[in-house]
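Residue numbers begin at 1 in each chain, while the letters A, B, ... track the order of the sequences.
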Amino acid sequence: MPFGGARPKMRRAKACLRIDPEAPRGEIMEAIVERVLSEAMEQLRAAGKVPQDLHLSIVIERPKREEFGDFGCALPLALAKATRRNPMECGKELMAAIQAPEGLFDAVTFAPPGYLNFKVATAAWFDRMKDVTTLPAVGAGEKVLLEFVSANPTGPLHVGHGRGAVLGDAIARVMRATGYAVQTEYYVNDVGNQMAMMGLSLHCRGREALGLSDGSDFPENGYKGQYVRDVAAEFVATAEGKAACEQPYEDIGARDDNPCTHFAEQRLLVVIQDTLKAGGIHFDRWFTERTLHQNGALAATVQRLLDQGHAYRDEAGATLFRMEGKADEDDRVMVRASGVPTYFAADIAYHDDKARRGFTRLINIWGADHHGYIPRMKASLEALGHDPACLQVLLVQMVTLTRGGVAVPMGKRSGEFVTLQEVLEEVGQDAVRFLFLLRKADSQMEFDLDLAKSQSMENPVYYVQYGHARVASILRKAAAQGIAVPGWEAGMGDVLTLPEEAALVKDLARFAAVVASAARRCEPHHIAFYLMDLVKGFHAYYTRNAHTEKVISADPVKTAARLFLVARVQSVLAEGLALLGVSAPEEMRLTADDEPASEPD
RNA sequence: GGGGGAUUAGCUCAGUUGGAUAGAGCGUCGGCCUCCGAAGCCGAAGGUCGUGGGUUCGAGCCCCGCAUCCCCCA
């Protein structure tokens with residue numbers, strides 16, 4: 001059977017993301033090691049062995065080879081370079097100056113040509129399990145306005161929009177979880193040429209539906225998709241719509257402000273909103289461009305720029321923004337000679353509005369084809385007295401859609417495109433989100449529809465979710481035996497002696513650092529990769545020891561420690577998935593239809 | 001012509017402000033279910049990190065040239 005019905009039936013768990021802003025900042029092991037080294041440097045500085053004005057950045061890394069320990073640092077190399085001395089001497093001095101807290105390290109060693117390696121004691125690692133899901137508040141309450149998607153209401157969203165939508169939504173979740181005050185907005189371009197063309201397209205299709213036209217007068221650049229006919233059919237079924245289509249387009253109002261454009265906007269926004277809802281994407285506010293025209297903000301902004309000399313009128317009567325040679329750009333038209341403002345003018349007013357609302361950081365997610373707008377947006381913010389650095393544009397590269405390796409032509413005007421709605425229905429919300437979030441925004445990606453669907457059974461997202469469900473299954477079994485998941489106790493770490501257990505503890509301890517880094521860099525894909533890593537370790541732990549060292553055993557001490565451990569794995573998986581907007585099912589089972597076919601005898 | 005991005009395993013992609021023997025998923029090949037969920041695990045094969053220079057103790061990462069692809073502007 002086709003793959004449509006092959007998706008696993010799953011019960012959704014309640015989102016279990018708990019962020020306590022008052023909680024003490026969960027300290028990351030890297031930070032602890034870094035502090036120790038930093039103090040050692042101070043010691044050497046006080047002893048006159050390091051120049052007063054020398055401040056090296058201390059980069060703690062995780063060596064790839066296990067025998068090097070848990071952490072490595074090339075500080076001796078850097079110090080040797082800066083002081084023109086022997087790396088080994090520097091390393092020995094640093095080691096002598098290290099005063100680590102009792103019990104933190106099992107070993108600190110020097111490795112040529114100039115590394116310091118740290119082996120952290122098991123108990124110290126296990127100590128981190130106390131608050132493994134506590135995320136550091138790196139955002140410090142900064143007010144962030146995150147604007148994304150913002151597709152014109154001239155048609156359904158396509159897959160490219162989906163990438164930006166999923167990315168933006170995930171960034172919002174990640175940043176909120178790490179102490180940023182994020183508001184998400186969708187800016188609706190409901191004014192201008194494209195809206196006018198949309199209205200005209202609807203008008204033409206309406207006339208066709210009424211038998212007033214054979215379609216030969218449909219504009220060359222009109223929106224040709226079937227959805228326009230569908231909306232037109234609804235439109236002419238209303239008295240107002242019928243009346244509008246019976247008149248010439250020029251007679252029913254402004255080209256971008258008339259019954260046709262209003263109906264199209266209203267209907268298509270609903271379509272867009274339904275799709276976003278189906279993708280689990282939330283916006284705090286929908287901001288329409290028209291409000292800027294109506295409340296005078298746009299005109300006031302233009303006037304302000306004129307008054308302050310950042311804009312001028314040319315001979316033809318158009319108003320241009322002065323780029324003042326910045327970024328080698330030409331001056332840009334804000335108001336045409338005809339008096340009609342451009343999208344650029346509205347964008348300036350919108351961004352001014354954002355900054356005036358007290359947001360100190362404006363993040364925009366744009367398609368890579370808009371990168372050319374960045375210099376002029378920054379310049380306009382600066383002209384209006386805002387710090388241009390507050391604008392941070394994340395460019396999302398194009399998604400090339402293929403079906404079975406063959407490129408699918410995409411064009412809203414031509415009407416030939418696969419909608420995001422269709423992809424969500426075919427592939428599933430969780431899989432679509434995870435697939436997008438498994439790639440960094442900054443690189444082009446290929447989205448093969450057949451592959452996304454055909455792989456749905458082996459999709460990475462199910463691998464992660466399966467880990468969560470697997471733990472849930474263990475916990476259900478324990479509960480059935482009357483065994484509760486215990487809280488943290490120091491002694492538990494001594495019982496978790498399997499190499500897979502030690503590896504899991506270390507992986508869990510990374511969670512906060514990964515999320516904090518993802519938040520700072522606005523790159524949620526690091527979380528997706530982390531979850532893949534973590535769950536891989538869990539599956540290995542589970543399967544390797546399935547016959548010998550079970551979680552639930554006759555040994556109550558081991559059972560308690562292991563239940564605690566796997567419950568932490570589950571929490572981190574659930575929280576990590578929640579940060580990506582992906583569900584964490586308690587149960588995932590193949591339906592009867594999906595059982596692998598038995599071997600033919 | 002100017003600008004942005006990309007180039008890493010057969011395919012799709014990671015690679016954390018320059019660090020030790022470059023990774024994952026999928027695909028391929030070979031193993032593992034009486035026993036907490038096999039949507040799993042274990043192993044193997046697979047690489048001149050597009051190319052040529054440069055910077056230095058050290059480059060997939062930084063600088064310059066070139067090639068190819070995507071996008072924007074003129």
Please report the distance separating the [atom1] of [N] from the corresponding atom of [M], rounded so that it comes out in whole Å.
| N | M | atom1 | value |
| --- | --- | --- | --- |
| B/rA44 | B/rG10 | C1' | 16 Å |
| B/rU68 | B/rA74 | C1' | 23 Å |
| B/rU7 | B/rG60 | C1' | 11 Å |
| B/rC11 | B/rU56 | C1' | 37 Å |
| B/rG30 | B/rA38 | P | 23 Å |
| B/rC57 | B/rU51 | P | 25 Å |
| B/rG23 | B/rG15 | C1' | 7 Å |
| B/rG65 | B/rG5 | P | 14 Å |

For [N], does OP1 or OP2 lie under 4.0 Å from any side-chain N or O of [X]?
| X | N | answer |
| --- | --- | --- |
| A/Tyr466 | B/rA39 | yes |
| A/Lys536 | B/rG25 | yes |
| A/Thr543 | B/rG40 | no |
| A/Arg562 | B/rC36 | no |
| A/Ser443 | B/rU7 | no |

Atom NZ of A/Lys49: over 12 foreign heavy atoms under 6.0 Å: no
No-H, no-angle donor-acceptor pair, [X] side chain to [N] base, under 3.5 Å:
| X | N | value |
| --- | --- | --- |
| A/His547 | B/rC35 | yes |
| A/Gln397 | B/rG5 | no |
| A/Asp533 | B/rA14 | no |

Touch check for [X], heavy atoms < 4.0 angstrom, all strands: base, sugar-phosphate only, or nothing?
| X | answer |
| --- | --- |
| A/Ala74 | base |
| A/Val514 | nothing |
| A/Ala469 | base |
| A/His370 | nothing |
| A/Gly72 | base |
| A/Asn117 | base |
| A/Lys477 | sugar-phosphate |
| A/Tyr373 | nothing |
| A/Tyr463 | sugar-phosphate |

Round to the nearest Å and state the distance from [X] atom [atom1] to [N] atom [atom2].
| X | N | atom1 | atom2 | result |
| --- | --- | --- | --- | --- |
| A/Arg439 | B/rU8 | CZ | P | 14 Å |
| A/Arg544 | B/rC35 | CZ | P | 21 Å |
| A/His371 | B/rG4 | NE2 | P | 7 Å |
| A/Leu563 | B/rC36 | CG | C1' | 10 Å |
| A/Leu395 | B/rC72 | CG | P | 13 Å |
| A/Asp448 | B/rC13 | CG | P | 11 Å |
| A/Ile60 | B/rU17 | CD1 | C1' | 14 Å |
| A/Asn459 | B/rA39 | CG | P | 15 Å |

Enumerate all atom pairs, one protein N or O and one N or O from nucleotides 57-63 of chain B, separated by less than 3.5 Å.
from   : atom 1 : to      : atom 2 : distance (Å)
B/rG58 : O6     : A/Lys81 : NZ     : 3.4

Given [options], the nucleotide with the shortest approach to the side chain of [X]:
| X | options | value |
| --- | --- | --- |
| A/His525 | B/rG15, B/rC72, B/rG37 | B/rG15 |
| A/Pro460 | B/rC36, B/rC70, B/rG25 | B/rG25 |
| A/Arg470 | B/rG19, B/rG40, B/rG5 | B/rG40 |

Stems involving RNA chain B, each a run of at least 3 consecutive Watson-Crick or G-U pairs under 3.5 Å: B:1-7 with B:67-73, B:10-13 with B:23-26, B:28-32 with B:40-44, B:50-54 with B:62-66
A/Glu501 backbone acceptor or donor facing A/Arg562 side chain under 3.5 Å: no
Aro-ring/base stack A/Phe529-B/rA24, d under 5.5 Å, angle under 30°: no
Conformer about C1'-N of B/rC33 - syn within 90° of 0, anti elsewhere: syn
Between [X] and [Y], does at least one N-O distance fall below 4.0 Å, as a salt bridge requires?
| X | Y | result |
| --- | --- | --- |
| A/Arg544 | A/Glu549 | no |
| A/Lys536 | A/Asp533 | no |
| A/Arg376 | A/Asp347 | no |

Heavy-atom pair with the smallest gap, counting every atom of A/Thr178 and A/Val174: OG1-O, 2.9 Å
Pair A/Phe447 + A/Phe436: ring centers closer than 6.0 Å: yes
Plane angle bin for A/Phe529 and A/His525 - parallel if under 30°, tilted between 30 and 60°, otherwise perpendicular: perpendicular
Ring geometry between A/His539 and A/Tyr466 (parallel below 30°, tilted from 30 to 60°, perpendicular above 60°): parallel
Test side chain to side chain contact (heavy atoms under 4.5 Å, CB included) applied to A/His351 and A/Glu147, step by step: CA-CA 10 Å; A/His351 284 77; A/Glu147 182 211 327; 4.1 Å; yes
Looking just at side-chain N and O atoms, do [X] and [Y] make a donor-acceptor pair shorter than 3.5 Å?
| X | Y | value |
| --- | --- | --- |
| A/Arg520 | A/Ser517 | no |
| A/Asn364 | A/His370 | no |
| A/Gln465 | A/Asp430 | yes |

5'-most by nearest nucleotide on RNA chain B - A/Val551 or A/Ala540: A/Val551
RNA chain B: 5'-proximal contact among A/Phe68 and A/Gly372 (nearest heavy atom): A/Phe68
